[in-house]
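Convention: sequence-line order gives letters A, B, ...; per-chain numbering from 1. Since the structure is predicted, the reported quantities are computational estimates derived from the model, not experimental observations.
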Number of protein chains: 2
Amino acid sequence: MNIIHVDVASSARSATHRAYLALRKMIVTGTLKPGEKLKIDGLRKRLDTGASPIREALSLLTSDNLVERIDQRGFRTAEISKANFEEILLLRCQLEDLALRESIVNATDEWEELIVLAHHRMNRAKGKDPDLFEDLHKAFHMALLESAASPILLKFCSQLYDLNIRYRYLAGSALDYQRRDVGDEHTGILNAAVARDADTASERLLNHYRMTGAFLSGLLGNGTLA
Amino acid sequence: MNIIHVDVASSARSATHRAYLALRKMIVTGTLKPGEKLKIDGLRKRLDTGASPIREALSLLTSDNLVERIDQRGFRTAEISKANFEEILLLRCQLEDLALRESIVNATDEWEELIVLAHHRMNRAKGKDPDLFEDLHKAFHMALLESAASPILLKFCSQLYDLNIRYRYLAGSALDYQRRDVGDEHTGILNAAVARDADTASERLLNHYRMTGAFLSGLLGNGTLA
DNA sequence: CCCATGTGGAAAATCGATATTTCTTGCGGA
DNA sequence: TCCGCAAGAAATATCGATTTTCCACATGGG
């Protein structure tokens with residue numbers, strides 16, 4: 001193949017990895033709708049790659065609970081439901097509580113600087129580049145848990161984060177007009193974490209989650225979504 | 001999600017699924033050693049199938065933390081370490097505690113019958129068919145958590161179970177001579193669960209894990225393993 | 001009229017081959 | 001002797017094509 005690919009540093013790697021990132025974003029942001037059939041050939045053309053990378057990427061997404069595999073009948077995006085959302089919310093609260101407390105136990109100055117930086121970068125992108133903001137928002141939340149030094153737990157939290165944010169995207173504009181000042185909440189969490197106050201930090205973090213959680217759960221209940 | 005469950009009966013389905021089960025068993029039981037390079041071609045011949053099913057199975061195992069993927073350099077089985085083992089043990093205790101308590105909250109007569117049955121089947125296989133016993137042992141532990149009605153949490157627990165049992169296999173005969181009466185422990189957990197006594201059940205379950213855990217951790221520390 | 005059975009078409013799963021990348025080894029120069 | 005480079009060998013990642021499986025619909029029997 002003589003075609004010169006424009007390999008942007010971050011999106012390079014292998015075709016499988018690119019497909020994985022692209023598909024995950026499409027599912028999380030709702031470009032691919034819940035329960036939608038994922039035809040290999042269609043995606044192949046859409047992402048301009050072969051069938052093998054697509055299949056492998058879908059396999060990986062299956063383990064992230066974003067895609068369901070039906071034996072001999074291909075793949076489809078995960079369904080959504082109120083029960084599923086509430087499970088995710090509850091698990092997130094429980095696991096992030098564990099992780100955050102452990103993280104604060106192991107806190108170091110380096111970690112402190114890490115979360116301050118992550119927080120600043122997130123705020124800088126606020127209102128400018130929504131796409132970038134979302135990435136940095138996740139980065140901030142993960143950074144809070146970083147020094148828990150538990151790769152598996154962090155992976156679980158990362159997965160749950162993606163599952164949760166998918167619902168937020170699905171709610172879309174419905175969520176906008178209830179935008180309380182999320183910025184304040186973030187700052188509050190950050191300050192408590194920097195102060196090594198695990199109880200306060202955890203309480204604020206969980207409130208932060210439950211706030212939007214309750215609202216979304218309401219939408220799912222009254223049939224606005226799904 | 002089909003793949004995760006312990007399907008004692010069905011060995012067929014797709015080539016990918018067969019490869020997944022076979023490879024997982026090989027890694028968990030130590031046939032494939034920690035850190036070992038997993039050459040596609042070698043496995044292809046060994047399992048008598050094509051390269052695509054192998055690759056897909058390895059992708060799935062990557063998400064189970066049993067296989068590591070190195071970009072453009074193939075796959076290898078996950079490394080082992082004392083830190084990794086202790087992380088698994090701790091997470092297991094935390095997550096299964098959550099799941100078991102929730103399971104007991106939701107307890108029904110059907111669930112009660114389910115765990116009694118799982119316990120009986122496990123004991124029946126004891127000392128006869130070690131391979132079958134292991135499957136039923138996992139089935140028993142998962143059945144305890146079953147009525148938590150939290151598929152994601154159960155999946156996490158299932159993964160952690162496999163990661164943990166891998167260390168047990170690696171310890172192998174070294175573990176045999178410290179065999180306290182595990183049967184009694186199982187019965188104790190079962191009874192507390194049937195009695196809907198969450199505190200006792202959880203305490204016994206966690207002790208059950210920590211018992212072998214401490215021993216294994218010792219082995220990893222003094223260099224007998226790895 | 002309803003259910004069972006057969007048939008055509010579409011999609012998935014898998015295979016075989018190619019292209020790309022990485023690893024190894026041996027040679028030459030310092 | 002040691003380091004670096006380069007060519008060959010090996011393994012991976014990917015593609016295109018084949019085989020297998022499933023689904024929808026029609027057709028005929030009950």
Side-chain angles (χ1 to χ4, degrees), chain A residues 1-24 26-27 32-33 35-64 66-79, chain B residues 1-4 7 9-24 26-27 32-33 35-63 66-79:
Chain A
M1 190 184 285
N2 294 325
I3 298 170
I4 298 167
H5 279 286
V6 184
D7 281 344
V8 181
S10 61
S11 64
R13 293 206 172 209
S14 65
T16 296
H17 190 242
R18 280 195 303 274
Y20 172 78
L21 292 177
L23 288 171
R24 192 178 64 173
M26 285 200 282
I27 295 170
L32 296 170
K33 295 190 177 57
E36 182 173 346
K37 183 88 208 298
L38 297 173
K39 296 183 195 173
I40 307 285
D41 202 54
L43 298 175
R44 199 190 59 69
K45 287 168 189 159
R46 207 159 165 182
L47 300 187
D48 187 36
T49 183
S52 310
I54 299 283
R55 288 190 65 82
E56 260 183 69
L58 290 173
S59 290
L60 292 170
L61 289 165
T62 296
S63 302
D64 293 343
L66 282 170
V67 166
E68 288 168 11
R69 161 172 234 162
I70 311 142
D71 209 63
Q72 306 289 25
R73 261 181 271 178
F75 302 87
R76 64 180 58 233
T77 57
E79 295 283 2
Chain B
M1 190 75 94
N2 291 333
I3 291 173
I4 299 300
D7 275 355
S10 67
S11 59
R13 299 215 166 203
S14 66
T16 296
H17 188 242
R18 278 196 304 275
Y20 173 80
L21 291 176
L23 288 172
R24 190 178 65 172
M26 285 200 281
I27 295 169
L32 296 170
K33 296 188 178 59
E36 182 174 346
K37 183 89 207 300
L38 296 173
K39 295 183 195 173
I40 307 286
D41 203 53
L43 297 174
R44 200 190 58 69
K45 287 167 190 160
R46 205 158 164 183
L47 300 186
D48 189 36
T49 183
S52 310
I54 299 281
R55 287 188 65 81
E56 257 182 73
L58 290 174
S59 289
L60 290 169
L61 289 165
T62 296
S63 303
L66 281 170
V67 166
E68 289 167 11
R69 162 172 232 160
I70 311 144
D71 208 64
Q72 305 289 24
R73 260 181 273 180
F75 302 87
R76 64 181 59 235
T77 57
E79 295 283 2

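We find that CG of B/Leu43 is positioned 16 Å from P of C/dT14, with the value rounded to whole Å. Note: CG (A/Asp41) to P (D/dA17) measures 12 Å, nearest angstrom. The interatomic distance linking B/Leu58 (CG) with D/dT14 (P) rounds to 14 Å, in whole Å. If you take NE2 of A/His17 and C1' of D/dT14, they are 17 Å apart, rounded to a whole angstrom. Between B/Arg44 atom CZ and C/dT14 atom P there is a gap of 15 Å when expressed in whole angstrom units. Atoms CZ (B/Phe75) and C1' (D/dT12) sit 9 Å apart, rounded to a whole Å. Straight-line distance from the CD1 atom of B/Ile40 to the P atom of D/dC15: 16 Å, rounded to whole Å. Here the P atom of nucleotide D/dA13 and the CD atom of B/Glu56 are 14 Å apart, to the nearest Å.
Nearest nucleotide to the side chain of A/Ser52, out of C/dA12, D/dT14, D/dC15: D/dC15.
Side chains of B/Lys37 and B/Lys39 form a contact here, defined as non-hydrogen atoms less than 4.5 Å apart. Side-chain contact between A/Leu60 and B/Glu56 is absent, with no heavy atoms from C-beta onward closer than 4.5 Å. Residues A/Ile40 and A/Lys45 are not in side-chain contact: their nearest non-hydrogen atoms beyond the backbone lie 4.5 Å or more apart. Taking 4.5 Å as the limit, every side-chain heavy atom of A/Ile27 sits out of range of all side-chain heavy atoms of A/Glu36. The shortest side-chain heavy-atom distance between B/Pro53 and B/Arg44 does not fall under the 4.5 Å cut-off.
Between A/Lys37 and the phosphate of C/dA12, there is a side-chain N or O to OP1/OP2 separation shorter than 4.0 Å. Residue B/Thr49 has a polar side-chain atom (N or O) positioned under 4.0 Å from OP1 or OP2 of C/dC15. Between B/Arg55 and the phosphate of D/dA13, there is a side-chain N or O to OP1/OP2 separation shorter than 4.0 Å. Contact between the side-chain N/O atoms of A/Ser14 and the OP1/OP2 oxygens of D/dT12 is not found at any separation under 4.0 Å.
Note on B/Leu38: only backbone sugar-phosphate atoms sit closer than 4.0 angstrom, heavy atoms only; bases stay farther off.
Checking side-chain atoms of A/Thr77 against main-chain N and O of A/Leu32 turns up no donor-acceptor pair under 3.5 Å.
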Under 3.5 Å, which N/O atoms of the protein pair with N/O atoms of nucleotides 20-22 of chain D?
none

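The side-chain contact (heavy atoms from CB on, under 4.5 Å) test with B/Phe75 singles out one residue from B/Ile54, B/Leu43, B/Leu23, B/Leu58, and that residue is B/Leu58.
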